[in-house]
Amino acid sequence: MLSNTHEREDRHLNRNSTKLRMRSLSIATAIVTGLVYAICVLFIAVVPKAAMAFFSYILHIDLTNLARVVTWGSFIAGLLFWSLGPALYAALLARLYNSLATR
């Protein structure tokens with residue numbers, strides 16, 4: 001009986017060790033990306049000039065004269081876009097990885 005249980009556990013580990021869980025990866029990606037987006041919007045809302053100077057430095061483009069108004073509507077739309085887009089990307093990545101890993 002102990003041998004049978006041990007074999008079942010080994011089969012379970014071998015089968016799942018090379019697969020990514022598509023749903024888990026996409027949900028985790030959506031949560032992390034949504035939190036990063038919320039922090040970014042908070043940075044823009046609290047200190048807009050410093051945020052634009054920082055993003056100008058990172059993107060190598062002058063954004064300092066760009067006025068960015070954050071509304072609840074733009075926040076929700078951006079949050080949906082920046083959460084669902086990367087989540088779909090992660091799901092497709094996991095699906096492709098799983099299909100290549102089984103070959």
Side-chain angles (χ1 to χ4, degrees):
M1 177 132 183
L2 182 61
S3 168
N4 188 16
T5 304
H6 184 65
E7 287 175 14
R8 208 173 332 136
E9 287 176 4
D10 283 345
R11 266 197 325 250
H12 177 72
L13 289 174
N14 291 334
R15 187 183 74 215
N16 290 331
S17 64
T18 60
K19 291 207 176 218
L20 291 173
R21 292 194 173 131
M22 196 166 42
R23 184 174 183 207
S24 299
L25 182 62
S26 61
I27 290 172
T29 301
I31 290 170
V32 170
T33 308
L35 288 173
V36 169
Y37 175 77
I39 291 168
C40 179
V41 169
L42 182 64
F43 182 45
I44 291 171
V46 173
V47 282
K49 288 195 183 264
M52 290 302 127
F54 176 73
F55 293 128
S56 293
Y57 181 74
I58 289 176
L59 299 173
H60 308 289
I61 188 170
D62 185 17
L63 300 173
T64 54
N65 294 327
L66 181 66
R68 179 69 182 120
V69 178
V70 178
T71 64
W72 282 109
S74 68
F75 173 73
I76 298 296
L79 185 64
L80 287 172
F81 177 80
W82 285 110
S83 295
L84 297 178
L88 290 172
Y89 179 80
L92 290 172
L93 183 70
R95 184 175 180 144
L96 178 62
Y97 175 84
N98 289 339
S99 70
L100 293 173
T102 57
R103 293 181 182 180

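What you see below is based on every heavy atom in this structure, not just the backbone, and it leaves out hydrogens, waters and symmetry mates. This structure is a prediction, so every number in the text was calculated from the model and none was measured.
In the hydrophobic clustering of ILVMFWY residues, with side-chain heavy atoms under 4.5 Å counting as a link, L63 and Y57 come out apart. In terms of hydrophobic clustering, with Ile, Leu, Val, Met, Phe, Trp and Tyr side chains grouped at heavy-atom distances under 4.5 Å, V46 and I39 are assigned to different clusters. When hydrophobic clusters are built by joining Ile, Leu, Val, Met, Phe, Trp and Tyr residues whose side-chain heavy atoms come closer than 4.5 Å, directly or via intermediates, V32 is not grouped with L88. Linking ILVMFWY residues whenever their side-chain heavy atoms come closer than 4.5 Å, directly or via other members, places V47 and V41 in the same cluster.
Formation of a donor-acceptor pair under 3.5 Å by the S26 side chain with backbone atoms of R23 is found in this model. Of the possible polar contacts, one joining the S56 side chain to the I61 backbone as a donor-acceptor pair under 3.5 Å is found.
The hydrophobic cluster around L100 extends to L96, counting ILVMFWY residues whose side-chain heavy atoms fall within less than 4.5 Å of a member.
Residues I44 and M52 form a side-chain contact, since some pair of their non-hydrogen atoms from C-beta on lies under 4.5 Å apart.
Residues C40 and F55 approach most closely at SG-CZ, 3.4 Å, considering heavy atoms. Contact detail for F75 and Y37: the closest heavy-atom pair is O-CE2, 3.5 Å. In this structure, S74 and V69 approach most closely via the heavy-atom pair OG-O, 4.1 Å. For the pair A87 and T29, the tightest heavy-atom approach, listed with the atom from each and the gap, is N-CG2, 4.2 Å.
Atom OG1 of T33 sits about 9.0 Å away from atom CH2 of W82, to the nearest 0.5 Å. Rounding to the nearest 0.5 Å gives a distance of 10.5 Å between CH2 of W72 and CG of L79. Atom NZ of K49 is separated from atom OG1 of T64 by 8.0 Å, given to the nearest 0.5 angstrom.
By the neighbour-count criterion of 12 heavy atoms within 6.0 Å, atom OH of Y89 is sparsely surrounded, having that number or fewer from other residues, nucleotides or ligands.
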